[in-house]
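One structure below.
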Number of protein chains: 2
Amino acid sequence: MTMSTSDEPLLRGDLFAEACPSREVLRHVTSRWGVLVLVALRRGTHRFSDLRRVIGGVSEKMLAQTLQALEADAIVLRVAHPVVPPHVEYSLTPLGREVAERVQDLADWIEGSMPVIEQARRKSGAQPARLG
Amino acid sequence: MTMSTSDEPLLRGDLFAEACPSREVLRHVTSRWGVLVLVALRRGTHRFSDLRRVIGGVSEKMLAQTLQALEADAIVLRVAHPVVPPHVEYSLTPLGREVAERVQDLADWIEGSMPVIEQARRKSGAQPARLG
DNA sequence: CGGCATCCGCAATGATACTG
DNA sequence: CAGTATCATTGCGGATGCCG
């Protein structure tokens with residue numbers, strides 16, 4: 001314990017900076033629907049409606065917003081076929097595949113640790129706790 | 001592309017389930033302050049006020065909430081010394097060290113990829129995009 | 001010092017309706 | 001089908017004040 005003895009601003013990178021661009025991207029990929037979109041797209045290309053069905057519970061608006069954010073981050077690739085009715089396909093970019101892997105890694109680890117976590121909760125009588 | 005041909009509920013685990021407990025934990029560790037707490041605590045034990053100073057910009061309330069959530073998840077260990085004035089120390093549990101590592105891995109990857117991401121944005125003329 | 005209770009503004013999210 | 005626009009609601013997150 002007892003970290004550095006100076007009063008430096010602390011921590012590599014500037015993850016701690018309020019308006020840090022990487023924080024933005026982190027928020028996008030770990031957002032409520034961002035995680036699910038990434039995991040879903042790891043399985044391959046999906047159309048808009050496919051994603052809605054697969055994810056379940058996401059509103060049109062939020063899915064569109066999430067996809068746009070990830071597209072702007074060069075994580076999701078959007079390909080619109082100029083036909084009628086519209087046909088749009090979403091997939092992961094090479095960059096996207098890398099993040100998605102890490103996000104799923106985290107998600108998988110948590111899922112795998114849930115038994116331990118829930119056991120710890122029972123032992124301490126702790127509630128699932130607030131915080132969103 | 002063209003994923004599975006059946007209409008299975010989709011995806012290993014049930015990350016996609018609405019009331020999935022692992023989603024809860026995922027939200028905790030990737031929350032605005034959760035990420036920062038984990039990264040900070042990787043450096044060692046901190047007192048409440050230390051964390052506030054190190055993280056910067058976090059309110060008392062949110063830091064307390066975040067710590068409680070992570071404590072309930074058995075990710076953060078809280079040790080209160082019965083002295084006056086109060087002296088409370090926060091650290092990562094073994095479980096916590098594992099998640100923290102993965103979270104930081106993700107954060108580091110994003111930071112490292114920011115040049116590519118920002119370049120992609122300029123090429124496509126995309127804005128940093130909304131979504132929080 | 002390390003909290004908890006309360007109040008409140010605003011952004012995020014959701015439901016619905018409409019368009020190309 | 002794939003969105004956009006609008007409105008209603010929720011709940012995060014900050015500020016303040018009090019307590020052990």
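Keep in mind that this is a model prediction, so the values were computed, not measured. So you know, we letter chains A, B, ... as the sequences are listed, proteins then strands, and number each from 1.
Taking only side-chain nitrogens and oxygens, B/Arg47 comes nearer than 4.0 Å to OP1 or OP2 of C/dG2. Within the structure, every side-chain polar atom (N or O) of B/Arg27 is placed at least 4.0 Å from both OP1 and OP2 of D/dC12. Side-chain N/O atoms of A/Gln65 include none lying less than 4.0 angstrom from OP1 or OP2 on C/dG14. Between B/Tyr90 and C/dC1, a side-chain N or O to OP1/OP2 separation shorter than 4.0 Å is absent.
Of all the heavy atoms in A/Arg47 and A/Pro86, the pair that sits closest is NH2-O, 3.3 Å. The two residues B/Ile110 and A/Ser22 come nearest to each other via the heavy atoms CG2-O, 3.7 Å.
Regarding A/Met62, its CE atom lies at a distance of 14 Å from the P atom of D/dG11, rounded to whole Å. The separation between A/Leu63 atom CG and D/dT4 atom P is 11 Å, rounded to whole Å. Between the P atom of D/dA2 and the CD atom of A/Glu71 lies a distance of 14 Å, rounded to the nearest Å. Rounded to whole angstrom, the span from the CD1 atom of A/Ile55 across to the C1' atom of C/dG14 amounts to 15 Å. Note: CG (A/Leu67) to P (D/dG3) measures 8 Å, nearest angstrom. Distance, B/Arg52 CZ to C/dG3 P: 12 Å, rounded to whole Å. A/Leu36 has its CG atom 12 Å from the P atom of C/dT13, to the nearest Å. Following rounding to the nearest Å, A/Glu60 (CD) and C/dA15 (P) show an atom-to-atom distance of 11 Å.
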| request: Starting at the 5' end of DNA chain C, write a dot or bracket for each base, bracketing those in Watson-Crick or G-U wobble pairs whose two distances are under 3.5 Å and using | for partners on another strand. | output: ||||||||||||||||||||
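Within residues 77-87 of chain A, the residues approaching DNA chain D are A/Arg78, A/Pro85, A/Pro86, by heavy-atom distance under 4.0 Å.
For A/Gln68, whose side chain is taken as the heavy atoms from C-beta onward, the closest listed nucleotide among D/dG3, D/dG13, C/dG14 is D/dG3.
Among residues at least two apart or in separate chains, ring-ring contact (aromatic ring centres under 6.0 Å, His included) pairs with a member in residues 85-119 of chain A are A/His81-A/His87.
Comparing B/Ser49 and B/Lys61 against DNA chain C, the residue whose closest nucleotide sits nearer the 5' end is B/Ser49.
Remark: A/Asp105 does not engage A/Arg102 in a salt bridge, criterion side-chain N to carboxylate O under 4.0 Å.
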